[in-house]
Amino acid sequence: MSGKDVTEVVQVDAGGIARAAAALESGELVAVPTETVYGLAARADSAEAVAKIYAAKGRPDFNPLIVHVRDLAQAEELAEFDDRARDLAERFWPGPLTLVLPLREDAHVAKAVTAGLPTIALRQPAHRVMQAVLEKVGIPLAAPSANRSEHLSPTRAEHVMTSLGSACPMVIDGGASEKGVESTIVALRGDGTWSMLRPGPVTGETLNRILGQETAQDAAGIEAPGQLARHYSPGKPVRMSAKDHEQDEFFIGFGSLSGDCTLSSSGDLNEAAARLYDCLHEGAASEKPRIAVAPIPYGEVGMAINDRLRRAAAQSD
Ligand code: TXA
Ligand code: MG
C-alpha cells in the first residue's frame, strides 16, 4: 500500500512519465490514459503489484486482467500466436482490439493476471502516453479499467479519482480518451474457432469479414468472466431508448433529441462513444434520481454503446 491518502496527479511530460514508470517498477499502481478508457496499471510479472489492482477495484479474483504490451514481439513472449492472431495484431495494433490467446507455459506473468485460466488477454494500446510508459518500464503492464468493480469506466483523470479515490495513488492526466469505450475482445481458439467476448471500436462485422463466421459462445463453451450483466453502473436507474423523459430523469440526448447532456447532436456514433462515460458520470453526479438515454442506433460502434448502456441499466431490473 502507498500509505498516501490523496491521489498524485502527474502531467504528460518527460518528468511525469519518468515518475509514473518508477512507481510502476517499484510495484505501485498508476492510472494511465489509453485511447479507450483509463487503465489501472501494475507490472504484470509481480504477484504483489497485481494483487493491489484487485484490492483497489474490489474486483472478484475470478475476473482476469488485460495485459498491455509495447509491441507484437513482447506479446509473443506471453501467448501462442497462430497466423490468425498475428494477422489481427498486424491489422489492428496498436489499437482497441484485445486478443484472448493460449497462455505460453513460460510466460512471465503473475498467476492472478489470468485468474488461473490457460488463456491470456493482450493488447497493444495506441495512446502515446501509455506507449511511452510501456517503453520506459519495459515490462508488460496488467491494466483493467481504472474504476471500482461494476462502476462506470473512466475516460478522464477526474473520473478515476471519483471512482477510486486514494485507492489509486497516482494518475497521469492525459485528458479525455479518444475512443471512449473499452476495446473489442476476441478469443481465438486452438481448434480454429473464435468469438467476440465484448463489442468495442473494432466491429463484429469487420471481424466476421476477416475471420469468417463467429462461433456461438455457448457452442464453444467459452468463458467471459468479466461480462457480468450488471456492470458500468452509475448508481441509479437507467432507462434506454427514451424518446422523451420525466422531470426527475437526467436526460442523455443523441441526434435531434437534445438533453441535459448530449452524446452527439449531429448523430455521430464515434463522438457518442467518446462522450458516453462523460455523460453517464454527469448523470451519476446530478441531483436527478434517474437517468434516461435517447435511442442509439446499433451500427458500427453503436453496438458497443448499447452493450454498455444495457449493463448500466441492468441494476434497475
Ligand atoms: O480498452 C480496454 O480494454 C481497457 C483499457 C484499459 O485497455 N481495459 C479494460 O479492462 O476494459 P477490464 O478489466 O475492465 O476488462 C477486461 C475484460 C474483462 O471482461 C475480463 O473478464 C476479460 O477482459 N478477460 C481478461 N482476460 C481474459 C481471458 N483470459 N479470457 C476471457 N476474458 C478475459
Ligand atoms: Mg472494466
Side-chain angles (χ1 to χ4, degrees), residues 29-42 44 50 53-54 56-69 78-80 92-104 107 109 111-127 129-131 133-134 140-155 159-160 163-164 171-172 174 177-189 194-202 217 220-233 273 277 301 304 307-308 311-312:
L29 302 182
V30 179
V32 184
T34 85
E35 77 278 27
T36 57
V37 301
Y38 276 63
L40 185 64
V50 169
I53 293 181
Y54 284 92
K57 283 182 60 88
R59 185 178 178 109
D61 62 8
F62 57 79
N63 190 2
L65 309 175
I66 296 176
V67 175
H68 297 68
V69 292
L78 303 178
E80 310 283 0
F92 296 106
W93 285 3
L97 181 73
T98 295
L99 299 175
V100 172
L101 301 172
L103 177 67
R104 272 178 69 138
V109 291
K111 267 237 153 13
V113 167
T114 57
L117 294 173
T119 52
I120 185 167
L122 296 172
R123 171 165 115 80
Q124 183 192 357
H127 197 289
V129 173
M130 183 53 140
Q131 288 177 342
V133 171
L134 283 164
L141 295 173
S145 53
N147 53 275
R148 294 274 311 163
S149 192
E150 293 190 1
H151 290 210
L152 291 175
S153 299
T155 50
H159 298 161
V160 176
S163 188
L164 292 174
V171 57
I172 307 178
S177 294
E178 183 202 329
K179 300 286 181 197
V181 291
E182 299 83 350
S183 61
T184 305
I185 304 181
V186 175
L188 298 177
R189 296 182 211 86
W194 69 279
S195 302
M196 184 169 75
L197 305 186
R198 180 174 72 184
V202 176
Q217 284 188 38
I222 192 82
E223 268 209 307
Q227 292 309 92
L228 314 167
R230 183 197 145 99
H231 211 129
Y232 313 110
S233 165
Y277 289 122
V301 76
D307 168 76
R308 304 309 188 269
R311 292 170 206 280

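In each ligand, atom 1 is the first atom listed, and ligand 1 is the first ligand listed. Owing to the predicted nature of the structure, the values given are computational and were not obtained by experimental measurement.
Thr36 and Pro96 get closest at one heavy-atom pair: CG2-CB, 3.6 Å. In plain terms, the two heavy atoms of Val67 and Val113 that are nearest each other are CG2-CG1, 3.4 Å. Between Ala56 and Leu40, the shortest heavy-atom distance links the atoms CB-CD2, 4.0 Å. Ala44 and Ala142 make their closest contact through CB-N, 3.8 Å (heavy atoms, listed as atom of the first residue, atom of the second, distance).
By the 4.0 Å heavy-atom criterion, Leu197 is counted among the residues contacting ligand 1. Judged by the shortest distance from any of its heavy atoms, His68 lies inside the 4.0 Å radius around the atoms of ligand 1.
Near Thr36, meaning under 4.0 Å from any of its heavy atoms, are these atoms of ligand 1: 1 (O), 2 (C), 4 (C), 5 (C). Those atoms of ligand 1 that come under 4.0 Å of a heavy atom in Ala121, given as number and element, are 25 (C), 26 (N), 27 (C). Every atom of ligand 1 with a heavy atom of Pro144 under 4.0 Å away is listed here by number and element: 10 (O), 12 (P), 13 (O). Which parts of ligand 1 touch Ile66 is read off a 4.0 Å heavy-atom cut-off, strictly below it: atoms 3 (O), 8 (N), 9 (C), 10 (O), 16 (C), 23 (O). If you number the atoms of ligand 1 from 1 as listed, the ones under 4.0 Å from a heavy atom of Thr119 come out as 28 (C), 29 (N), 30 (N). Residue Asn63 has at least one heavy-atom neighbour below 4.0 Å for each of these atoms of ligand 1: 18 (C), 20 (C), 21 (O). Using a 4.0 Å cut-off to heavy atoms of Gly39, the atoms of ligand 1 that qualify are 6 (C). Taking a cut-off of under 4.0 Å to the non-hydrogen atoms of Leu117, the atoms of ligand 1 that pass are 28 (C), 29 (N), 30 (N).
Nearest-heavy-atom check against atom 8 (N) of ligand 1 across Ser183, Ser195, Ala143 picks out Ala143. Of all the listed residues (Ile120, Ile185, Leu40), Ile185 holds the heavy atom that lies closest to atom 17 (C) of ligand 1.
For Glu35, the salt bridge (charged side-chain N to carboxylate O under 4.0 Å, His left out) criterion is met by Arg123, not counting sequence neighbours. With sequence neighbours left out, the ring pair (Phe, Tyr, Trp, His ring centres under 6.0 Å) criterion links His68 to no other residue. Residues passing the side-chain contact (heavy atoms from CB on, under 4.5 Å) test with Ala273 are Val181, Val301, Ile305, sequence neighbours excluded.
Considering OG1 of Thr34 and CG of Leu141, their distance stands at 12.0 Å, rounded to 0.5 Å. Rounding to the nearest 0.5 Å places CZ of Arg59 at 6.5 Å from OG of Ser145. Between the OG1 atom of Thr119 and the CG atom of Leu188 there is a distance of 11.0 Å, given to the nearest 0.5 Å.
For Glu182, no nitrogen or oxygen atom sits less than 3.5 Å from a nitrogen or oxygen atom of ligand 1, counting backbone and side chain alike. The shortest N or O to N or O distance between Ser145 and ligand 1 is under 3.5 Å.
Between the side chains of Thr98 and Arg198, no donor N or O sits under 3.5 Å from an acceptor N or O.
Here 1 is the count of protein N, O or S atoms positioned under 2.8 Å from the Mg ion (ligand 2), waters not counted.
The pair Arg308-Glu182 counts as a salt bridge, with a side-chain nitrogen and a carboxylate oxygen less than 4.0 angstrom apart.
Under 4.0 angstrom from ligand 1, the non-hydrogen atoms of Arg59 all belong to its side chain.
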Go through Ile53 and Leu29 one step at a time and tell me if the side chain to side chain contact (heavy atoms under 4.5 Å, CB included) criterion holds. CA-CA 7 Å; Ile53 293 181; Leu29 302 182; 3.6 Å; yes

